[in-house]
K.L.:
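A single structure is presented below for examination.
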Amino acid sequence: MTDICYYCLQKSIATEKLDKKELKELELSCSRISFKKGDKIMIQNTPSHHIAFIKEGLVKVHVMGPEKEQILKIVKGPAYLGIPTTIGAKINEYSATAISKSDVCFIGFDVFKNSILNNGEFAYEIIVELSKSDLQFYKKCINQVQKQGPGKIAEALLYFSEKIFDQQPDFKLPLTRNELGDLTCTSRETVSRILSDFSNNKIIKVNKREISILNKKQLEIISKIG
DNA sequence: GCATTAACCACAG
DNA sequence: CTGTGGTTAATGC
């Protein structure tokens, strides 16, 4: 049974631009699925016919490289997932895994495409989201390639605090040390060492996955100078 | 040469 | 899954 998109309170900015008829079509092609932490939402190297929209939850987007796993980004709903790989390729070029309980709508690609072709405002909002994501990725790319360890970790901590947890200085890291390493292009040992180093210098407080940022200024400086 | 940085390995909670 | 210590390789004075 499909949900009624018209009454959905978690519509994307793009979907807000659709009229009643378009929403009805969306509704018919949309299936809403709940994922538990650790569930695979999208699997690399499998065919993709759907666009996913994360209504709620945290998702990690990752690819398996020749050597090891690389986490591309952490996405927080509401956000689209898999537009590039569904439009630009026939198979998924990356995987997505829920790292918290997540609600996701899968939209048939044909319906999604029709909305783009028929509704300019919808299409524009989709481009806005893709563009923002693109720019964010450039930034991450530069940061992770040119900074050294502490800079990368500082950057990641600030990212979680500001973007994922809405400016909260205290948060629970949704990743293991290993995954944080996969995200920041370092080893898990290096992550461990840098976190205890920050902790010793009273920049952050660490208790298992619980992180408190004590000295944000300092963290920003470390992130900036690399 | 010497210092710094970080990966890899190993082992212990 | 984590934290630490030793070792090693690369890089930059």
Side-chain angles (χ1 to χ4, degrees), chain A residues 34-45 54 56-77 81 92-104 136-226:
Chain A
S34 287
F35 293 91
K36 298 190 305 292
K37 181 185 164 85
D39 287 346
K40 302 257 184 297
I41 297 172
M42 194 178 280
I43 298 170
Q44 190 176 359
N45 296 324
I54 309 167
E56 206 179 338
L58 277 184
V59 172
K60 77 170 176 181
V61 177
H62 50 115
V63 292
M64 187 51 106
E67 294 287 319
K68 56 177 186 298
E69 171 112 324
Q70 175 70 50
I71 298 181
L72 298 175
K73 57 180 175 178
I74 305 296
V75 183
K76 185 177 74 161
L81 188 67
N92 288 317
E93 305 224 336
Y94 44 80
S95 299
T97 305
I99 54 180
S100 75
K101 183 181 173 310
S102 300
D103 275 349
V104 179
Q136 169 125 45
F137 193 72
Y138 295 160
K139 188 180 165 209
K140 178 187 182 284
C141 192
I142 286 293
N143 284 332
Q144 304 301 358
V145 170
Q146 297 193 3
K147 284 179 187 173
Q148 33 184 62
K152 298 182 198 179
I153 302 298
E155 157 95 12
L157 292 177
L158 288 169
Y159 175 76
F160 280 111
S161 168
E162 291 171 0
K163 302 285 169 54
I164 303 292
F165 295 105
D166 303 317
Q167 305 291 335
Q168 289 289 323
D170 307 325
F171 57 89
K172 181 167 186 201
L173 201 61
L175 302 178
T176 65
R177 307 291 143 112
N178 209 338
E179 289 174 313
L180 192 52
D182 290 340
L183 176 68
T184 55
C185 307
T186 53
S187 65
R188 65 165 193 86
E189 293 97 324
T190 300
V191 173
S192 271
R193 287 186 170 110
I194 291 172
L195 287 180
S196 36
D197 200 43
F198 284 174
S199 177
N200 290 335
N201 290 312
K202 304 276 178 276
I203 298 169
I204 59 172
K205 189 147 82 71
V206 185
N207 180 21
K208 299 282 171 68
R209 303 270 187 97
E210 307 286 343
I211 308 275
S212 300
I213 295 179
L214 303 176
N215 189 343
K216 185 168 179 183
K217 274 273 177 301
Q218 191 61 30
L219 211 52
E220 282 166 348
I221 292 169
I222 295 170
S223 169
K224 194 166 218 166
I225 63 175

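In what follows, chains carry the letters A, B, and so on, assigned in the order in which the sequence lines appear, proteins first and then strands, with residues in each chain numbered from 1.
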K.L.:
Would you mind writing out the side-chain donor-acceptor pairs for residues 58-68 of chain A within the sub-3.5 Å range, not counting sequence neighbours?
P.N.:
from	atom 1	to	atom 2	distance (Å)
A:Lys60	NZ	A:Glu179	OE2	2.7
A:His62	ND1	A:Glu69	OE2	2.8
A:His62	NE2	A:Thr97	OG1	2.6

K.L.:
So which pairs with a foot in residues 199-208 of chain A pass side chain to side chain donor-acceptor pair (under 3.5 Å), sequence neighbours left out?
P.N.:
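For residues 199-208 of chain A, and leaving out neighbouring residues, there are no side chain to side chain donor-acceptor pair (under 3.5 Å) pairs at all.
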K.L.:
Can you check the A:Leu180 CG to C:dG3 C1' distance for me, whole Å?
P.N.:
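To the nearest whole Å, that distance equals 15 Å.
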K.L.:
Between the side chain of A:Asp197 and the main-chain N/O of A:Arg193, is any donor-acceptor distance below 3.5 Å?
P.N.:
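Pair absent, no side-chain N/O of A:Asp197 close to backbone of A:Arg193.
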K.L.:
Please name all residues satisfying salt bridge (Lys or Arg N to Asp or Glu O under 4.0 Å) with A:Glu56, sequence neighbours left out, ordered by chain then number.
P.N.:
none
K.L.:
Which side-chain N or O atoms in residues 217-226 of chain A pair as donor and acceptor under 3.5 Å with protein atoms at least two apart or in another chain?
P.N.:
from	atom 1	to	atom 2	distance (Å)
A:Ser223	OG	A:Lys147	NZ	3.2
A:Ser223	OG	A:Glu155	OE1	3.4

K.L.:
Take atom NZ of A:Lys208 and atom P of C:dG3, then tell me their distance rounded to the nearest Å.
P.N.:
9 Å
K.L.:
Mind calculating the distance between CD1 (A:Ile211) and P (C:dT2) to the nearest angstrom?
P.N.:
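Nearest whole value for this atom pair: 11 Å.
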K.L.:
Please table the atom pairs, donor to acceptor, closer than 3.5 Å between any side-chain atom in residues 159-175 of chain A and protein atoms at least two apart or in another chain.
P.N.:
from	atom 1	to	atom 2	distance (Å)
A:Tyr159	OH	A:Ile74	O	3.1
A:Ser161	OG	A:Gln168	O	2.8
A:Glu162	OE2	A:Lys216	NZ	3.0
A:Asp166	OD1	A:Lys76	NZ	3.1
A:Asp166	OD2	A:Lys76	NZ	3.4
A:Asp170	OD1	A:Ser212	OG	3.0

K.L.:
Starting at atom CD1 of A:Ile153, determine the distance to atom P of C:dT2, rounded to an integer number of angstrom.
P.N.:
13 Å
K.L.:
What string of B, S and - do you get for nucleotides 4-11 of chain B, 5' to 3', when a contact is any protein heavy atom under 4.0 Å?
P.N.:
-SSSBBB-
K.L.:
Rounded off to whole Å, could you give me the CG-to-P distance for the A:Leu195 and C:dC1 pair?
P.N.:
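My rounded result for the distance is 16 Å.
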K.L.:
Just how far, in rounded Å, is C1' of C:dC1 from NZ of A:Lys37?
P.N.:
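One finds 12 Å between C1' of C:dC1 and NZ of A:Lys37, rounded.
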